[in-house]
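So that the names make sense, note that chain A is the first sequence line, chain B the second, and so on, each numbered from 1.
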Number of protein chains: 2
Amino acid sequence: MDFPKMQKLKARADVMKALGHPTRLFMVEELAQGELCVAELTELVGADMSTVSRHLSVLRAAGVLEDERRGNCIYYRLLCPCVLDFFACAQNVIDSAQARRSA
Amino acid sequence: MDFPKMQKLKARADVMKALGHPTRLFMVEELAQGELCVAELTELVGADMSTVSRHLSVLRAAGVLEDERRGNCIYYRLLCPCVLDFFACAQNVIDSAQARRSA
DNA sequence: TGGTTATTTGGCAAAATAGCCAAACTGTGG
DNA sequence: CCACAGTTTGGCTATTTTGCCAAATAACCA
């Protein structure tokens, strides 16, 4: 496999990987309805704020979210709503597997 | 967060996570064009066959692939082609981030 | 200036992942 | 039955990820 192709694969995999954690998936779902600050997300997630902050930075690094400081708070926003389509497909994968197991 | 919701999130995250590796992404791309056996995928990937086999089992466990034995060979098939849409979206995320950095 | 709130970062330990080798397993054909 | 090709699994180490605490940073207000 040549190097540029490899890099492209890695970049794409990083986006998927960023979404490959329950907490991060949850936060993306919540942010689909509008921006939220770290404190609000921390409340929703129910983990340490430092943990939430780290998850957010993973999503930001992957290009999924962007942040904006307003006063004391830092608000996070969903950048590419197309990632929401992942959820439906992932559910489809799960449901199909379930149906296959039942059959 | 209640327990059933948590489990649903985890299941979806597992699908994303399964796709969150360059080698696995590559294999899914190749399998989009038709089934391949482990030996063929090993040749394409260029890693140890045991490594390829483990990656395939991750994708199978996530419900992305299914396998079928025919004689000596085990063929893997893509189950939900909708995962291919992930690729376009992931590229979109990457390109948008790139554009933002340039601006 | 100092105090307070919101957030990130450093540091650490536990857990998960990745990759290789070697051994085991599965079906084929003599 | 044996030998062989294709595949998976056990076992190991190296690396990465996760999550908490504590300390640092950033912006507000008095």
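Closest of all the heavy-atom pairs between B:Leu25 and B:Leu19 is CD1-O, 3.3 Å.
As rounded to whole Å, 19 Å separates atom C1' of D:dT17 from atom CE of A:Met16. A straight line from CG of B:Asp67 to P of D:dG6 spans 17 Å, rounded to a whole angstrom. Atom P of nucleotide D:dA27 and atom CD of A:Glu68 are separated by 13 Å, given to the nearest angstrom. Rounded to whole angstrom, the span from the CD1 atom of A:Ile74 across to the C1' atom of C:dT5 amounts to 12 Å. In this structure, the CZ atom of A:Arg69 is 14 Å from the P atom of D:dT25, given to the nearest Å. In this entry the distance linking CG of A:Asn72 with C1' of D:dA30 reads 14 Å, nearest Å. Here D:dT17 presents its C1' atom at 14 Å from CG of A:Leu59, a figure rounded to the nearest Å.
Within the 3.5 Å criterion, the main-chain N or O of A:Met49 finds no donor-acceptor partner in the side chain of A:Ser53. Under the 3.5 Å distance criterion, the side-chain polar atoms of B:Thr42 are matched with a main-chain donor or acceptor of B:Val38.
When heavy atoms are screened at a 4.0 angstrom cut-off, A:Tyr76 is found touching the sugar-phosphate backbone but no base atom. Backbone-only contact: B:Arg24 has heavy atoms under 4.0 Å from sugar-phosphate atoms and none from a base.
Closest to the side chain of A:Cys73, from the set D:dT18, C:dA6, C:dT28, is C:dA6.
Contact between the side-chain N/O atoms of A:Lys17 and the OP1/OP2 oxygens of D:dT17 is found at a separation under 4.0 Å.
Ion pairing between a basic and an acidic side chain is recognised when a charged N comes within 4.0 Å of a carboxylate O; B:Glu66 and B:Arg60 show no such pairing. A salt bridge links B:Arg70 to B:Glu35: at least one charged side-chain nitrogen sits closer than 4.0 Å to a carboxylate oxygen. A salt bridge links B:Arg12 to A:Glu29: one of the charged nitrogens lies within less than 4.0 Å of a carboxylate oxygen.
A heavy-atom distance below 4.0 Å to DNA chain D is reached by these residues of residues 30-58 of chain B, ordered by number: B:Cys37, B:Val38, B:Ala39, B:Met49, B:Ser50, B:Ser53, B:Arg54.
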side-chain contact (heavy atoms from CB on, under 4.5 Å) assessment of A:Cys89 paired with B:Phe86: CA-CA 9 Å; A:Cys89 174; B:Phe86 286 14; 3.6 Å; yes
